[in-house]
Amino acid sequence: MKLSNTIPLIALFLVSGCSVSNKQQYEGYFTYGSEVSDFRSCGTNEIFWLNGEHKQMEVIEQASLEKAIKVGEPYQEIYVLFSGFAENRKPVGFEEETNGLIYMTKLIKSSSPLTESCK
């Protein structure tokens, strides 16, 4: 009887352990605008569609839009550092034009000036 209770518990630990290990830190540039929510890691040219928690996404979306207004041109990059994971789902709409999907779980840092150490 006790063994039957133990097996589901072990399975739960294994599943939850797998999902936690998928989280990682991302550093690079975020661009936001009409039908664009792009993230590019430092040192790469690959573009990923960035989704995330509403309040945190709002912070970086607004920063990108404010920079676009200041510069006078749309689609301006801002520097971001965040925790997240690669989404394992089929892209929809404009997401299909990117190399994949990333989901931001925690915004660590963002800045309008670009960072020299991240190219």
Side-chain angles (χ1 to χ4, degrees):
M1 191 64 118
K2 288 184 180 182
L3 182 59
S4 64
N5 290 337
T6 306
I7 292 173
L9 186 60
I10 291 171
L12 179 64
F13 285 132
L14 289 174
V15 171
S16 64
C18 292
S19 64
V20 172
S21 66
N22 290 335
K23 287 186 183 177
Q24 65 181 43
Q25 271 195 358
Y26 294 89
E27 180 181 26
Y29 295 107
F30 174 72
T31 305
Y32 181 75
S34 177
E35 300 163 344
V36 171
S37 182
D38 291 346
F39 171 74
R40 179 180 60 84
S41 287
C42 298
T44 71
N45 290 323
E46 289 187 324
I47 303 292
F48 293 86
W49 189 273
L50 185 62
N51 295 303
E53 303 295 331
H54 177 72
K55 288 183 181 183
Q56 295 179 72
M57 287 298 295
E58 195 171 56
V59 168
I60 61 175
E61 290 168 355
Q62 195 60 37
S64 180
L65 291 174
E66 286 173 7
K67 185 175 180 182
I69 291 168
K70 189 174 183 178
V71 171
E73 292 183 26
Y75 309 108
Q76 294 299 309
E77 290 183 330
I78 63 163
Y79 170 81
V80 292
L81 174 65
F82 63 91
S83 295
F85 59 90
E87 287 189 81
N88 189 18
R89 66 172 177 84
K90 187 173 174 105
V92 178
F94 289 99
E95 295 175 339
E96 294 176 359
E97 297 175 15
T98 64
N99 295 100
L101 309 170
I102 296 175
Y103 192 89
M104 176 175 62
T105 56
K106 181 181 179 188
L107 178 61
I108 298 168
K109 181 180 180 181
S110 68
S111 67
S112 181
L114 304 182
T115 305
E116 283 296 316
S117 63
C118 177
K119 304 237 182 214

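- In this structure the side chain of Arg89 reaches within 4.5 angstrom of the side chain of Glu95, judged on heavy atoms.
- The shortest side-chain heavy-atom distance between Met57 and Ser37 falls under the 4.5 Å cut-off.
- For the atom pair OG (Ser110) and CD (Gln62), the distance works out to 11.5 Å, reported to the nearest 0.5 Å.
- When the side chains of ILVMFWY residues are joined at heavy-atom separations under 4.5 Å, either directly or via intervening members, Leu50 and Tyr79 end up in two distinct hydrophobic clusters.
- The hydrophobic cluster containing Val80 also contains Ile102, counting ILVMFWY residues as joined when their side-chain heavy atoms lie under 4.5 angstrom apart, directly or transitively.
- Legend: residues meeting side chain to side chain contact (heavy atoms under 4.5 Å, CB included) with Glu116, ordered by chain and number and at least two apart, are Lys119.
- Atoms CD1 and NZ, from Ile78 and Lys67 in turn, are 8.0 Å apart once rounded to the nearest 0.5 Å.
- In terms of modelled atom types and a separation under 3.5 Å, the side chain of Thr105 and the main chain of Ser83 share a donor-acceptor contact.
- Taken from CG in Leu81 to NZ in Lys106, the straight-line distance is 10.0 Å, to the nearest 0.5 Å.
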Point to revise | Derivation and outcome, ring-ring contact (aromatic ring centres under 6.0 Å, His included), residues Phe82 and Phe39 | key: CA-CA 11 Å; Phe82 63 91; Phe39 171 74; 5.1 Å; yes

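- Counting heavy atoms from C-beta outward, Asp38 and Trp49 have side chains that approach closer than 4.5 Å.
- Atom OG1 of Thr31 sits about 8.0 Å away from atom CD of Gln76, to the nearest 0.5 Å.
- Scanning all heavy atoms of the two residues, the minimum distance from Phe94 to Glu35 falls at CZ-OE1, 3.1 Å.
- Using a 4.5 Å heavy-atom threshold, the side chains of Glu27 and Cys42 count as touching.
- Side chain of Tyr29 to backbone of Leu114: no donor-acceptor contact under 3.5 angstrom is found.
- A single hydrophobic cluster is not seen to contain both Tyr75 and Val71; linkage of ILVMFWY side chains at heavy-atom distances under 4.5 Å, directly or through other members, places them apart.
- Under a hydrophobic-cluster definition in which Ile, Leu, Val, Met, Phe, Trp and Tyr are linked whenever side-chain heavy atoms come within less than 4.5 Å, directly or via other members, Tyr32 and Val59 are assigned to the same cluster.
- Between Phe48 and Tyr26, the gap from one ring centroid to the other reaches at least 6.0 Å.
- Under the 4.5 Å side-chain contact rule for hydrophobic residues, Ile60 and Ile47 do not share a cluster.
- In plain terms, the two heavy atoms of Ala68 and Pro74 that are nearest each other are CB-CA, 3.9 Å.
- When side chains are defined from C-beta on, Arg40 counts as touching Glu77, because their heavy atoms get closer than 4.5 Å.
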